[in-house]
Amino acid sequence: TYKRIIMKQKIRLCLCMALLGMNLSSCTQEENTDNTAKLRIFPTLENPTRAVMNNFVNGNQIGLFVMAANGGNYNDCDCSFNAMASLNASVWTVNQNIELTSAKADIYAYYPYKAGLNSTTIPVEVASQTDYLFATKTTADVNNPTATIPMKHALALNSFVLKKGSYSGIGKVTKIELKNTKTEGT
């Protein structure tokens with residue numbers, strides 16, 4: 001019977017320690033009392049090896065459209081329309097304070113950032129040789145405030161390999177022209 005008493009005391013002690021541990025761990029977790037969280041982003045590049053731009057560098061800026069499920073601005077805030085995000089010291093910072101709630105936010109992105117847009121249509125042109133990027137819908141909310149945004153290349157990079165073969169001349173190329181191609185668009 002003495003062994004039983006000791007065993008019961010050890011079990012009680014273990015249970016008390018476990019309950020104490022659970023109480024202490026629950027007190028150290030930060031609780032979100034206002035049920036909002038600031039939007040954080042992490043853009044990535046898809047297929048970086050076949051493109052002019054294969055990674056983001058400090059100073060790069062992307063545009064964000066943070067939309068509600070009905071297609072309007074998230075939380076009816078103008079801050080969520082064409083918000084700029086900048087990369088500095090390997091951290092992306094959104095210039096607007098976009099507070100996420102329990103409602104899902106649909107996030108769309110594009111590169112490079114263009115100020116003054118009044119629609120979600122982004123103008124592009126090819127003369128500047130800009131590597132335009134875009135991202136389709138990614139979601140975030142108060143429980144998942146960091147949005148990983150996979151960016152895709154909007155334009156194709158054409159390259160040509162000319163082989164001399166059995167041609168015995170100099171083989172000087174003076175011009176390559178692509179016909180019936182668009183040079184501007186949205």
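- At distances below 3.5 Å, at least one donor-acceptor pair connects side-chain atoms of N60 with backbone N or O atoms of V57.
- The backbone N or O of N82 sits nowhere less than 3.5 Å from a side-chain atom of Y110 that would complete a donor-acceptor pair.
- Remark: side-chain polar atoms of N95 are paired, donor with acceptor, to backbone N or O of M84 under 3.5 angstrom.
- When the shell of 6.0 Å around CG of D78 is examined, it contains 12 or fewer heavy atoms from other residues, nucleotides or ligands.
- Y74 contributes a side-chain N or O that, together with a main-chain N or O of A103, makes up a donor-acceptor pair within less than 3.5 Å.
- The side chain to side chain donor-acceptor pair (under 3.5 Å) search around S128 returns E125, T130, not counting sequence neighbours.
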Between Y111 and Y132, is a ring-ring contact (aromatic ring centres under 6.0 Å, His included) present by the stated rule, with each step listed? CA-CA 6 Å; Y111 171 88; Y132 293 98; 8.3 Å; no
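- Checked against a 6.0 Å centroid threshold, the rings of F134 and Y108 do not count as neighbours.
- Listed for the N73 side chain is no donor-acceptor partner under 3.5 Å among the backbone atoms of C79.
- Minimum heavy-atom separation, L39 to A147: CD1-CB, 4.4 Å.
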Dump the intermediate steps for side chain to side chain contact (heavy atoms under 4.5 Å, CB included) on Y113 and I62, then the final yes or no. CA-CA 5 Å; Y113 174 74; I62 66 172; 5.7 Å; no
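- Under the 3.5 Å distance criterion, the side-chain polar atoms of N58 are matched with a main-chain donor or acceptor of A89.
- Closest non-hydrogen pair, T44 versus P150, comes out as OG1-CA, 3.4 Å.
- With hydrogens and angles disregarded, no donor-acceptor distance shorter than 3.5 Å links the side chain of N75 to the backbone of C77.
- Of all non-hydrogen atoms in I122 and F65, the two that sit nearest each other are CD1-CE1, 4.0 Å.
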Please tabulate, for side-chain N and O atoms in residues 166-174, each donor-acceptor pair with protein atoms closer than 3.5 Å (sequence neighbours left out).
none

